[in-house]
Amino acid sequence: MAKKSFSTIVSRICLLFALFCSTFIILTNSPLCPWVQKEPATDSSVFQTIAMMMRKGYIPYRDTFDHKGPLTYVINYVGVFISSNYGIWCIEFVSLAITVWVMYKISCLLCTRLQACVVVLVSLFPLYDYFQDGNLVEEYAMPLIAISAFIFLDYLLNEIITPLRLILCGFCMGGVLMLRPNMISLWIVFCLAIFFNKLYRKQFAELFHFILFFLVGTAIATVPFLIWLGANHALGDFWNVYI
């Protein structure tokens with residue numbers, strides 16, 4: 001039994017190492033990789049410029065122009081704060097590592113661990129070609145989309161749901177709203193499906209709790225940005241440029 005347990009641990013470590021290596025290989029495509037140090041793409045340069053201006057006290061939308069969400073600039077701000085040379089790349093790595101890990105957990109819902117690892121690795125092959133120089137909003141939205149996809153699928157397949165998961169799901173949608181709102185199709189489809197399913201079954205109390213906790217999570221992700229922009233008289237500019 002102990003031998004079997006040890007072999008299981010070793011196999012899990014090997015699988016995680018393979019996923020870790022795949023993440024690293026993909027991110028060598030990023031111009032912000034410490035071992036590459038190429039010129040970043042246009043969008044990435046804009047995000048970094050706005051982040052540097054934020055460090056000098058300027059406010060997005062009010063003092064600078066770009067049409068991405070405020071979370072984009074905060075991510076770059078944190079990255080530049082960590083290190084002007086490799087800080088953003090570290091955030092890229094964490095973002096993609098979370099995405100890969102959650103993709104693995106999603107695959108495990110229907111596959112063995114080895115099969116799940118193969119599914120993830122095969123799924124990542126196109127990303128190497130479509131990475132497009134990194135530090136883009138889609139890259140930071142991927143872990144949020146993946147986490148919510150896991151929560152939705154685990155609920156539909158196994159009926160596993162908790163208030164914390166609902167809050168996390170809403171938080172993830174709020175995060176994507178603060179990156180680029182046209183990427184929330186996952187939540188539109190699954191939320192509507194679950195909404196009408198609960199109505200059909202007349203489970204109104206459960207539906208109310210689902211909506212309540214989900215909106216709490218969305219508010220946690222969005223309201224601080226709105227307060228920050230409002231306090232700096234940039235809410236109108238945010239609305240005109242972003243919404």
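Both backbone and side-chain heavy atoms feed into the values below; hydrogens, waters and symmetry mates do not. Here the structure is a predicted model, which means the values were calculated and not measured. Each residue takes its place number in the sequence, starting with 1.
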J.: Could you tell me if the side chain of Ser95 sits less than 4.5 Å from the side chain of Met142, heavy atoms only?
T.: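 Side chain of Met142 against side chain of Ser95, heavy atoms only: no contact under 4.5 Å found.
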J.: Once you round to the nearest 0.5 Å, how far does CD1 of Ile98 lie from OG1 of Thr23?
T.: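 OG1 of Thr23 is found 10.5 Å from CD1 of Ile98.
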J.: If Ile, Leu, Val, Met, Phe, Trp and Tyr residues are connected whenever their side-chain heavy atoms lie under 4.5 Å apart, and connections chain through other members, are Leu136 and Val46 in the same group?
T.: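 Leu136 does not cluster with Val46.
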J.: Looking just at side-chain N and O atoms, do Ser30 and Glu92 make a donor-acceptor pair shorter than 3.5 Å?
T.: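 Checked: Ser30/Glu92 side chains pair up, N/O donor to acceptor below 3.5 Å.
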J.: Atom CG of Asn197 and atom CG of Leu192: how far apart are they, to the nearest 0.5 Å?
T.: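 Answer rounded to 0.5 Å: 12.0 Å.
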J.: Report yes if some heavy atom in the side chain of Ser148 is under 4.5 Å from a heavy atom in the side chain of Cys172; otherwise report no.
T.: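 Yes, at least one pair of side-chain atoms sits under 4.5 Å.
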J.: So, the side chain of Thr72 versus the backbone of Gly69: is there a donor-acceptor pair under 3.5 Å, distance only?
T.: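 Yes, because the side chain of Thr72 sits within donor-acceptor range (under 3.5 Å) of the backbone of Gly69.
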J.: Are Trp35 and Thr28 linked by a side-chain donor-acceptor pair shorter than 3.5 Å?
T.: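 Not at all, the side chains of Trp35 and Thr28 share no donor-acceptor pair under 3.5 Å.
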J.: Is there any ring-ring contact (aromatic ring centres under 6.0 Å, His included) pair reaching into residues 193-239, and which pairs are they, with sequence neighbours excluded?
T.: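 Only Tyr61-Phe238, Tyr155-Phe210, Phe238-Tyr242 qualify under ring-ring contact (aromatic ring centres under 6.0 Å, His included).
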J.: Assess the residue pair Tyr86 and Leu32 against the criterion (side-chain contact (heavy atoms from CB on, under 4.5 Å)); give the C-alpha distance rounded to whole Å, side-chain angles, the decisive distance to 0.1 Å, and a yes or no.
T.: CA-CA 6 Å; Tyr86 58 82; Leu32 303 177; over 6 Å; no
J.: Identify the heavy atoms of Met178 and Ala221 that sit nearest to each other, and give their distance.
T.: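 For Met178 and Ala221, the tightest heavy-atom pair comes out as CG-O, 3.9 Å.
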J.: Assess the residue pair Ile194 and Phe152 against the criterion (side-chain contact (heavy atoms from CB on, under 4.5 Å)); give the C-alpha distance rounded to whole Å, side-chain angles, the decisive distance to 0.1 Å, and a yes or no.
T.: CA-CA 9 Å; Ile194 294 171; Phe152 282 126; 3.8 Å; yes
J.: Asp154: what forms a salt bridge (charged side-chain N to carboxylate O under 4.0 Å, His left out) with it, not counting sequence neighbours?
T.: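 Salt bridge (charged side-chain N to carboxylate O under 4.0 Å, His left out) check on Asp154 returns Arg165.
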J.: Do Phe47 and Ile75 have side chains that get closer than 4.5 Å, going by heavy atoms?
T.: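 No, every pair of side-chain atoms sits at 4.5 Å or beyond.
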J.: Nearest 0.5 Å, please: how far is CD in Gln48 from CG in Asp43?
T.: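 If we round to the nearest 0.5 Å, Asp43:CG and Gln48:CD are 11.5 Å apart.
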J.: Among Val94, Val100, Thr99, find the residue that satisfies the side chain to side chain contact (heavy atoms under 4.5 Å, CB included) test when tested with Pro143.
T.: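 Checked Val94, Val100, Thr99 against Pro143; only one passes side chain to side chain contact (heavy atoms under 4.5 Å, CB included): Thr99.
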J.: Do Asp66 and Pro60 make a side-chain contact, defined as non-hydrogen atoms from C-beta onward lying under 4.5 Å apart?
T.: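 No, their side chains stay 4.5 Å or more apart.
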J.: Using every non-hydrogen atom in the two residues, find where Ser22 and Leu121 come nearest and quote the distance to one decimal.
T.: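 Ser22 and Leu121 have their closest heavy atoms at CB-CD2, 3.7 Å.
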J.: For Phe17 and Phe20, take the angle between the two ring planes, folded into 0 to 90°, and tell me which bin it lands in: parallel under 30, tilted 30 to 60, perpendicular over 60.
T.: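 Correct class here is parallel.
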J.: State whether the side chain of Ser107 and the backbone N or O of Gln115 hold a donor-acceptor pair below 3.5 Å, judged by distance alone.
T.: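 No; zero donor-acceptor contacts below 3.5 Å.
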J.: Does the gap between the ring centers of Tyr104 and Trp101 come in under 6.0 Å?
T.: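 Yes, close enough.
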J.: Specify the closest pair of heavy atoms between Leu19 and Cys117, including all atoms of both residues, with the distance to one decimal.
T.: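 Looking at all heavy atoms of both residues, the shortest contact is CD2-SG, 4.1 Å.
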J.: So does Pro40 get a backbone contact from the side chain of Ser44, meaning a donor-acceptor N/O pair under 3.5 Å?
T.: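 Here the side-chain-to-backbone pair does not exist.
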J.: What is the minimum heavy-atom distance between Leu235 and Leu226, and which atoms define it?
T.: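 Heavy atoms of Leu235 and Leu226 come nearest at CD1-O, 3.9 Å.
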J.: If two hydrophobic side chains count as joined below 4.5 Å and joins carry through other members, does Val119 share a cluster with Leu153?
T.: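 No, because Val119 and Leu153 fall into different hydrophobic clusters, even though each may have its own neighbours under 4.5 Å.
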J.: Contact between Leu127 and Leu96 at the side-chain level, heavy atoms closer than 4.5 Å - yes or no?
T.: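 A side-chain contact exists here, since the closest heavy-atom pair is under 4.5 Å.
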J.: Hey, is the main chain of Glu138 close enough, under 3.5 Å, to the side chain of Arg180 for a donor-acceptor pair?
T.: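 Not a single qualifying donor-acceptor pair exists.
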J.: Check whether any side-chain heavy atom of Lys68 sits under 4.5 Å from a side-chain heavy atom of Leu179, and report yes or no.
T.: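 Lys68 vs Leu179: side chains apart.
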J.: Any side-chain heavy atom of Trp187 sitting closer than 4.5 Å to one from Val176?
T.: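 The answer is yes; the side chains approach within 4.5 Å.
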J.: Using side-chain heavy atoms (C-beta onward) and a distance below 4.5 Å, is Ile151 in contact with Phe190?
T.: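 In short, these two side chains do not touch, never coming nearer than 4.5 Å.
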J.: Is there a chain of hydrophobic side chains (I, L, V, M, F, W, Y, each step under 4.5 Å between heavy atoms) that links Ile188 to Leu168?
T.: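 Yes, one cluster joins them.
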J.: Transitively linked via ILVMFWY side-chain contacts under 4.5 Å: Leu114 with Ile106?
T.: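 Yes.
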J.: Rounded to the nearest 0.5 Å, what separates atom CG in Asp237 from atom CG in Asp63?
T.: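 Interatomic distance, Asp237 CG to Asp63 CG, rounded to 0.5 Å: 8.5 Å.
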J.: Once you round to the nearest 0.5 Å, how far does CD1 of Ile91 lie from CG of Asn135?
T.: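 Interatomic distance, Ile91 CD1 to Asn135 CG, rounded to 0.5 Å: 8.5 Å.
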J.: For Thr112 and Cys108, indicate whether the former's side chain and the latter's backbone hold a donor-acceptor pair under 3.5 Å.
T.: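 A pair under 3.5 Å: no.
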J.: Consider only side-chain heavy atoms of I, L, V, M, F, W and Y, link residues closer than 4.5 Å, and tell whether Phe65 and Ile243 are in one cluster.
T.: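 Yes; tracing contacts between hydrophobic side chains, which count when under 4.5 Å, links both residues.
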J.: Quick one: CG on Leu212 to CG on Leu207, what's the gap to the nearest 0.5 Å?
T.: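 Going from the CG atom of Leu212 to the CG atom of Leu207 covers 11.0 Å.
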J.: Does Ile59 form a side-chain contact (heavy atoms from CB on, under 4.5 Å) with Met54? I'd like the steps, not just the answer.
T.: CA-CA 6 Å; Ile59 303 297; Met54 288 170 63; over 6 Å; no
J.: Of all heavy-atom pairs between Arg55 and Tyr77, which one has the smallest distance, and what is that distance?
T.: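 That would be CG-CE1, 3.3 Å.
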J.: Give a yes or no on whether Arg62 atom CZ has more than 12 heavy-atom contacts from other residues, nucleotides or ligands under 6.0 Å away.
T.: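 Counting other residues, nucleotides and ligands, CZ of Arg62 exceeds 12 neighbours.
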J.: Could you tell me whether the side chain of Thr218 and the main chain of Gly170 form a donor-acceptor pair under 3.5 Å?
T.: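 Here the side-chain-to-backbone pair exists.
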